[in-house]
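So that we are looking at the same thing, I have put the structure below in structure tokens.
In this chain, residues are counted from 1 in sequence order.
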Amino acid sequence: MCGRTACSLAADNLRRACAYRDRRGQHRQPEWVRQERYQPSYNKGPQSSGPVLLSRRHLHQDADSSERVLMDMRWGLVPSWFKQDNPSKLQFNTSNCRSDTMLSKSSYKGALLKGKRCVVLADGFYEWQQQQSGGKQPYFIYFPQTKDAMEKEMEGDDEWKGWRLLTMAGIFDCWEPPGGGEMLYTYTIITVDASKDVSFIHHRQVRAGKGVARMPAILDGDEAIRKWLDFAEVPTQEAVKLIQPTENIVFHPVSTFVNNIRNNTPECVARIELGAKKEVKATPSNKLMMGWLKNSQEASPQKKENDLPKWTSQFIHSPSPKKTSASVLQQWLGKQGQPAAKKHKA
């Protein structure tokens, strides 16, 4: 499943990170819709809002369906047919949508068949591993990042060289209050069976008969993103073939600091050393750093690629990710971070 994410890029950098080529091959950046509502966060949970990509044609019927827009939507899909006056009265959880039932459950089927497909953006997502001691160890999971990062982004260069965003397949819908009022846009993240290398995080739960481990359906590469978003050119039956597990991800353990949804600082994604029993603490020096980062909203931390397991997607092949920039946050975490987690044998 996917119960918590991070998306720390400022609005302008998020737009740059989502650059693409339209149907004519023209290099573009998606236009923001309601940009003022977007709030970067290192700790997003269901019912909070987050950035998604969708086809511009969903908002403008005469638009080219290959054009994309960025929009801030609430996490937790409210079907357009919901008749209650308050979306919080929805009796079931719609933050995640299982791929094997998305075309049969009424909450998702109608929106999916109407082409309401979106891409949910994040630095990465969190998962928790049940420990024998009874506690849970959180992990941060994300796309591999290149290690030969530039010292800084080139001034005046629109090409994004920072953190490669995780792009998750989602479904959105638009709900109108029965008594009238502002339209509410919401989304759900599609989940699939976890790849074997990530399922170890859930190994004890699965072994105890508590179900099969799940993970977000990740769209790896712009071609997959294009097909998922361009509902006018790519029918549902073809688009759903993109919904497969991927192994092109890496991960590291993070502090239980992230367990509290109110904690929203770079400590949430900072690498820790398992077994050291050392939690991230607010020292005077990093308090100062956190205050600076809160205002500047730099890109997410640079990871040491060679220290982490890396796999190539067996479903969607794409060029290697572009070089990333060594932001102030990346440099800070490089000093504070610990070696990556090794896989555990159950």
Side-chain angles (χ1 to χ4, degrees), residues 1-9 14 17-20 44 46 50-54 68 70 73 75 77 95-102 108 112 117-128 138-146 160 162-172 187-202 212-230 234 238-252 269 300 303 305 308-322 324:
M1 62 176 296
C2 182
R4 208 82 68 78
T5 68
C7 191
S8 63
L9 292 184
L14 191 70
C18 294
Y20 68 102
K44 287 182 179 289
V52 304
L53 282 172
L54 63 155
R68 305 172 189 178
L70 266 169
M73 295 188 186
W75 186 1
L77 189 141
S95 57
N96 289 169
C97 165
R98 291 179 60 97
S99 60
D100 53 348
T101 59
M102 63 185 177
Y108 315 115
L112 187 56
R117 310 191 298 252
C118 65
V119 172
V120 182
L121 303 168
D123 301 339
F125 68 98
Y126 301 98
E127 283 293 354
W128 282 260
Y139 285 82
F140 187 56
I141 304 171
Y142 48 97
F143 269 141
Q145 308 292 320
T146 57
W160 177 247
W163 186 263
R164 185 189 178 195
L165 292 171
L166 197 66
T167 43
M168 301 173 284
I171 303 169
F172 77 93
Y187 70 88
T188 183
I189 296 175
I190 299 172
T191 65
V192 294
D193 290 348
S195 58
K196 61 181 180 180
D197 295 292
V198 177
S199 62
F200 93 91
I201 296 176
H202 298 279
V212 177
R214 309 287 294 177
M215 69 180 292
I218 297 169
L219 300 168
D220 188 0
D222 197 69
E223 180 64 10
I225 294 173
R226 181 193 68 78
K227 289 182 178 180
W228 185 251
L229 292 181
D230 196 346
V234 182
E238 183 178 344
V240 296
K241 295 176 183 178
L242 299 167
I243 305 303
Q244 300 282 356
T246 181
E247 293 181 348
N248 188 30
I249 49 176
V250 292
F251 49 86
H252 65 250
V269 298
S300 300
K303 306 298 185 286
E305 185 180 16
L308 295 170
K310 181 177 180 180
W311 309 278
T312 301
S313 170
Q314 57 185 305
F315 300 103
I316 305 168
H317 299 280
S318 61
S320 299
K322 297 175 181 178
T324 61

If I take atom CZ from residue F125 and atom CZ from residue F140, how far apart are they, to the nearest 0.5 angstrom?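 Taking CZ in F125 and CZ in F140, the distance rounds to 9.5 Å.
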CG-CD1 distance between N248 and I218, expressed to the nearest 0.5 angstrom: 8.5 Å
Could you tell me the separation between the CG atom of L54 and the CG atom of L229, rounded to the nearest 0.5 Å?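 Result: 7.5 Å between the selected atoms.
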Give, for atom SG of C18 and atom CG of L165, the distance between the pair rounded to the nearest 0.5 Å. 5.5 Å
Under the salt bridge (Lys or Arg N to Asp or Glu O under 4.0 Å) test, which residues partner R4, sequence neighbours left out?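 Salt bridge (Lys or Arg N to Asp or Glu O under 4.0 Å) list for R4, sorted by chain: empty.
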Could you work out, with side chain to side chain contact (heavy atoms under 4.5 Å, CB included) as the rule, every residue matching T167, not counting sequence neighbours?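 Residues passing side chain to side chain contact (heavy atoms under 4.5 Å, CB included) with T167: V119, L121, F143, L219, I225.
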Could you please spell out the steps behind the side chain to side chain contact (heavy atoms under 4.5 Å, CB included) verdict for T188 and M102? CA-CA 11 Å; T188 183; M102 63 185 177; over 6 Å; no
Any heavy-atom pair between the side chains of Y139 and Y126 that's under 4.5 Å? no
Over all heavy atoms of both residues, which pair between W228 and G170 is shortest? Give the atoms and the distance, please. NE1-O, 3.3 Å
List for me each residue that meets ring-ring contact (aromatic ring centres under 6.0 Å, His included) alongside F172, sequence neighbours excluded, and say none if there are none.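 Scan of F172 (ring-ring contact (aromatic ring centres under 6.0 Å, His included), adjacent residues dropped) gives H58.
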When you measure from the side chain of Q145 to the backbone of W163, do you find a donor-acceptor pair of N or O atoms at a distance under 3.5 Å? no
Closest contact, heavy atoms only, I189 versus P216: CG2-CB, 4.0 Å
D193 CG to D100 CG distance, which is reported to the nearest 0.5 Å: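 Going from CG on D193 over to CG on D100, the span is 7.5 Å.
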Sequence neighbours excluded, which residues qualify as salt bridge (Lys or Arg N to Asp or Glu O under 4.0 Å) partners of R117? none
Inspect the contact between K241 and E238 and indicate whether a charged nitrogen and a carboxylate oxygen are less than 4.0 angstrom apart. no
Would you compute the distance between atom CG of N96 and atom CE of M168 and round it to the nearest 0.5 angstrom? 9.5 Å
Tell me every residue that passes side chain to side chain contact (heavy atoms under 4.5 Å, CB included) with P138, counting only those two or more places apart in sequence or in another chain. W128, V254, T256, V258, N259
